[in-house]
Every structure is written in C-alpha cells, then in structure tokens.
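If you read the sequence from its start, that first residue is 1, and numbering goes on from there.
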Amino acid sequence: MKEIEIHKLIDRLLKLPKECEWVEFKMNFKSEEEIGKYISALSNGACLQNEPFGYLVFGISDKTLKVEGTSFRPTLKKVGNDELEHWLLQRISPRVEVSIYEIIYQDKLISIFKIEATIGQPVSFNHVDYIRVGSITRTLKDFPAKEKKIWTKSSRQKFERIVSLEVETTDEIVKLLDTQAYFDLLELPYPTNRDTVIDKFISEKFISFKSGNYQITNLGALLFAKNLNEFDNLKRKAVRVVQYQGKNKITTIKDQFGALGYAIGFQGLIKYINDILPSNEVIGQALRETVLMYPEIAIRELVANALIHQDLTETGTGPLIEIYSDRIEISNPGLPLITPERFIDEYQSRNEDLASIMRRFRMCEEKGSGIDKVILNIEIFQLPPLEVQIQEKHTKVVLYAYQKFSDMDKKDRVRACYQHCVLKYVTNDKMTNQSLRDRFNIAQENAAMVSRIIKDTFEGGFIKEEDPENKSKKFAKYIPHWA
C-alpha cells in the first residue's frame, strides 16, 4: 500500500463508531501471543463481516479513537532470534497474508497489521481458533454457529470453480458450450485445432480434466451454456424478464426465461429489454424521433451488475428484471457486500472470476466505474435518482422513468442530492448550488429550492461542507459525509 492509501485507510477506520469484529485499536505492545490471537480473531471476523481484511492498529485509543501515537515498531521487534512477523506466521494456520505498515499520521507513529480475511477454514493461532464478539476476543469453539458460517462463506468463494457437469469427450463439451463465442467476444480467430480450444478453456478454468474425464465448471456453464437447463444446479440462474401492464403486477404482458449462458446471451438480453421498454416521441425541426425513456448504458450496467454480484449459492432463484410503465426493477439473489450508499465509489465483487471475464468481454465497465456512469446518465436524462432496496434475500435496484421535479418527494430529492454529490466527488469535482440546479434543471431564480434540498441532505448526515469555515452559503461546496 502507498502512503496515501494508508492514510485513507486510517481515515476510514477512525470513522467507525468503535472497535468491531474486524478492527482492533491498541496503544502499545503487550505480548506477541496477544498479537497472534488478534490475527486469528480479526481474520475470522473479517470473513464473517464480508470484509476483505481485518486490521490491528497501534497508536489509537480504543476508548476515544483519538490518535495518540505508539512506541511499538513491529518491523524491528524480535522474538528470540526470529523477526516478529516470521514468528507469528509460523504459528498461524492456515497461512493468511499479514502486511505490516509503520507510518506517520497526524505527526504521530501508527503501526498497522493488515490481515487477510480467511478463505477455506477458520484461522488459528497455536492451534486455537479465535473470534471477535463486538470488541472482545473469544475462542471460536464457544460460538459454533459462527464457526459454521465461516466454513459456509468459504465455499461460496469457490462457487465458480465447482464442477457443474462431468463429460467424457470434447464432442460433448462443444455440444454443451458455445466455444466459438469466447474467441468472437475477444475478437480472436477461432483455432483450427480443437485441442487448442480445449486448452484455452482449461486455462480459463471453464473446464478441467481429471481422471480421464472433462469437467465443466459452474463458471464455464454460466458463461457459455447453449442451454442452462442442461445443468441441473444452474437452470434457475437463467435471467427472467417480466413486463407488466401499468404500475403493478396485476396484468402480465410478457414473461420470458433466458436459456443461454451470460456471455453468449447478454447482447440479446439487453436488446430484448430495450425493445419492450416504453419510449417517447419527440418532434424535432421536421421529423419525429423515438427516444428511449431510459439510458441504454444504465440498463446495460445494472443488468451486468445483477449477474456479477448475485449470490450464486442461493438456490431456486436467479436474476429478475421487471418492467413497469413507470420504472424498471432489477433484482439479484443475495445481499450486497458493501453498503448501498457506497455503490458509486466503492467496488467489491462476490464472484470475481465471473466479473473479470465479463469485463474482458466489455459487457460491463471496469471496477468501480460502472455505477457512476449510471448516475451520470440518469442526470443527463433528468430522471429521478436510482433507488437500492435491500430485501430479506435479494438486492433490488429501481430505475424510475422521468418525473417532474414537483412530483419528487423529499426522500427522492435528498437521494438525488447525495448521489450527485458523490458523482462530483469521484470525478474530482465538488457539488454546489449551481451544479445541483443543473442536475434538476432548475432556473437560477429558484436557487432557494435547491438550497432547501442541500440543507435537508446535510441535516440527514449524507453530505458535509468541504470548508466548514466558509461563511458564504452561496459559494459553498459539498462533499459526501464519508470523504
């Protein structure tokens, strides 16, 4: 990690209300055994909390979260003849990545252990598994439900690599999977030798070869299946598109299940959705022009996100796109790994193998740049803000058709203001009264209306002033509350 990244990390940790399952604050060194227990507990806790890393931070008070500094230099510490890091890793099982940083922050020395979240099994120190319960470190054996959850979560990480179907010949592979699509999507010539095709699919982990048989992985089938119904464990992962008449589910116009793998069916899926979306006719200088009610890039990115970020281990359910006269609802199984208010600026994929290949196929934007383009185009189209709804086992995003400003309620306006503020921030800009007026297409003489929205958003804790000392509200600039 670079120095600026470490500073941002400390900033983030200091915004936590207190220590938690994946963060521990200490002032100074007590014992190497204590650090070993924390590494075990924080790695296991990070796994349970869907955090990629846990952190043990020296130099910050655990009571006040005030930066006090520390005298502990872990990179110089030795245990006998062993360096501390080496001594710890000899006693940690399974081995997880532990990185140590020493940095000056607010003119004080801070020492940080960055601990990788476990995958595969609980992490132990000296053959004992530990876990964080709030801010207290306990032995994991006292919490069997948490231990079971760690094992369950670790299996989810490997879903893409699990074997979906075993076959005997390459003929069966070519019959089940559209192998040519891979080369077409990457704009590569299709090999004249089938062995070359199979070798490429093995290298990409779409298939494997073991004990004389070929095995099609979940990843290979999800992407290239000519018919997902041929794969019993994946048939419910096909995308379903439902079109309703009006604003409710009373009358169904169309109900279509997909059957193709995501890679070979994606373009057709997006075309199908756009073809049945309502549109408006606008009159230019001489001709009528049909204009879609929603930006195509928003539809594309939100559908791709639903595919990539779904919890594939949830059985009996898959991505669902519901089209109403006034909105589109796009749902996927599973709860998000990051808080919805950070969708615009943060990125964490549940299925990184799937996400990586779909980015290579240019089916979605690069990491962290998709949702900001969705928000940008929502603003260009003057649509209400994107809404994210967290349900019991699903995540739903709602894209609304055009509404007059006067028809938006207070929650809509506050959400739009926050999203606009984040969009400005991630593009190295700042929100102002003027920029928000442009977003809502409000005339300058009605600037007071926008000031009211900014005030409501500020009081809701979503944004803050870039310069609190600036007394001029007319020229005030705003940034997200977490910035």
Side-chain angles (χ1 to χ4, degrees), residues 47-51 145 149 152-153 155-157 159 222 233-252 254-258 262 269 273 277 294 298-351 354-355 364 370-371 374-375 378 383-401 403 408-412 414-416 418-419 422 460-462:
C47 171
L48 289 174
Q49 296 301 313
N50 296 315
E51 290 288 338
K149 194 173 181 181
T152 302
K153 279 182 171 291
S155 66
R156 291 180 180 181
Q157 299 290 332
F159 183 89
L222 277 172
N233 64 322
L234 297 177
K235 59 177 65 175
R236 292 302 303 271
K237 301 306 174 189
V239 182
R240 181 186 179 194
V241 181
V242 186
Q243 182 186 18
Y244 301 104
Q245 181 176 303
K247 300 180 181 181
N248 54 49
K249 299 178 187 286
I250 295 175
T251 304
T252 300
K254 295 180 180 179
D255 190 346
Q256 182 71 42
F257 274 96
Y262 297 161
L269 170 63
I273 294 170
L277 284 177
Y294 306 97
I299 301 295
R300 183 183 184 90
E301 189 63 30
L302 293 175
V303 171
N305 277 355
L307 302 182
I308 290 170
H309 298 300
Q310 65 178 303
D311 186 344
L312 292 166
T313 65
E314 288 286 351
T315 58
T317 183
L320 172 65
I321 297 142
E322 298 176 288
I323 300 172
Y324 301 84
S325 61
D326 65 336
R327 68 193 187 280
I328 306 170
E329 297 182 354
I330 302 172
S331 306
N332 63 265
L335 306 183
L337 299 181
I338 56 178
T339 180
E341 70 175 43
R342 301 301 298 273
F343 278 10
I344 306 175
D345 70 298
E346 289 283 3
Y347 180 92
Q348 185 177 349
S349 175
R350 184 181 271 111
N351 312 298
L354 180 63
C364 57
I371 296 299
V374 173
I375 302 302
I378 284 174
L383 303 182
L386 189 72
E387 183 178 4
V388 181
Q389 300 175 4
I390 307 302
Q391 302 173 323
E392 186 175 350
K393 290 189 174 182
H394 291 78
T395 301
K396 177 187 290 185
V397 295
V398 185
L399 186 60
Y400 291 97
Q403 291 179 17
M408 293 186 198
D409 61 21
K410 179 179 176 180
K411 288 195 300 183
D412 290 335
V414 166
R415 194 167 67 252
Y418 171 73
Q419 291 178 8
V422 177
F462 298 106

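- Here the shortest heavy-atom pairing between Pro319 and Pro333 reads N-CD, 4.0 Å.
- Distance CD1/Ile338 to CD/Glu51: 10.0 Å, rounded to 0.5 Å.
- Looking at every heavy atom in both residues, Ser331 comes nearest to Ala306 through O-CB, 4.3 Å.
- Remark: the backbone N or O of Ile308 is paired with a side-chain donor or acceptor of Asn351 at under 3.5 angstrom.
- Between the Tyr294 side chain and the Leu277 main chain, no donor and acceptor come within less than 3.5 Å of each other.
- Of the inter-residue distances, the one linking Lys396 atom NZ with Leu320 atom CG reads 8.0 Å to the nearest 0.5 angstrom.
- Taking all atoms of both residues into account, the shortest heavy-atom contact from Pro384 to Ala401 is CD-O, 3.1 Å.
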### Task
Run the numbers on Leu222 and Leu312 for side-chain contact (heavy atoms from CB on, under 4.5 Å), then give the verdict.
CA-CA 10 Å; Leu222 277 172; Leu312 292 166; 3.9 Å; yes
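- The two residues Gly258 and Ala238 come nearest to each other via the heavy atoms O-CB, 3.0 Å.
- The shortest distance between side-chain heavy atoms of His394 and Thr317 falls below 4.5 Å.
- Among residues at least two apart or in separate chains, ring pair (Phe, Tyr, Trp, His ring centres under 6.0 Å) pairs with a member in residues 298-331 are Tyr244-Tyr324, His309-Tyr347.
- Put simply, the side chain of Tyr262 does not reach to within 4.5 Å of the side chain of Leu269, judged on heavy atoms.
- When atom types are taken as modelled, the side chain of Gln310 and the backbone of Leu307 share a donor-acceptor pair closer than 3.5 angstrom.
- Counting only heavy atoms from C-beta outward, the side chains of Ile390 and Thr395 approach each other to under 4.5 Å.
- Lys411 places none of its side-chain heavy atoms less than 4.5 Å from the side chain of Val414.
- Nearest approach of Pro340 to Val388, heavy atoms of both residues: CB-CG1, 3.8 Å.
- Annotation: the span from Leu337 atom CG to Arg342 atom CZ amounts to 14.5 Å, rounded to 0.5 Å.
- Here the CD-CZ distance, from Glu387 to Arg327, works out to 10.0 Å after rounding to the nearest 0.5 Å.
- With values rounded to the nearest 0.5 angstrom, Gln419 atom CD is found 11.0 Å from Phe343 atom CZ.
- Counting heavy atoms of neighbouring residues, nucleotides and ligands inside a 6.0 Å radius, atom NZ of Lys410 does not exceed 12 of them.
- Heavy-atom neighbours of Phe462 CZ from other residues, nucleotides or ligands within 6.0 Å: at or below the threshold of 12.
- Considering Val241, Val397, Leu399 as possible partners of Ile330, the one that fulfils the side-chain contact (heavy atoms from CB on, under 4.5 Å) test is Val397.
- Val374 is not listed as a side-chain neighbour of Asn305, based on a closest heavy-atom distance of 4.5 Å or more.
- Taking CD1 of Ile371 as the reference point, atom CD1 of Ile344 lies at 8.0 Å (rounded to 0.5 Å).
- In this structure, Ser325 contributes its side chain and Gly246 its backbone to a donor-acceptor pair below 3.5 Å.
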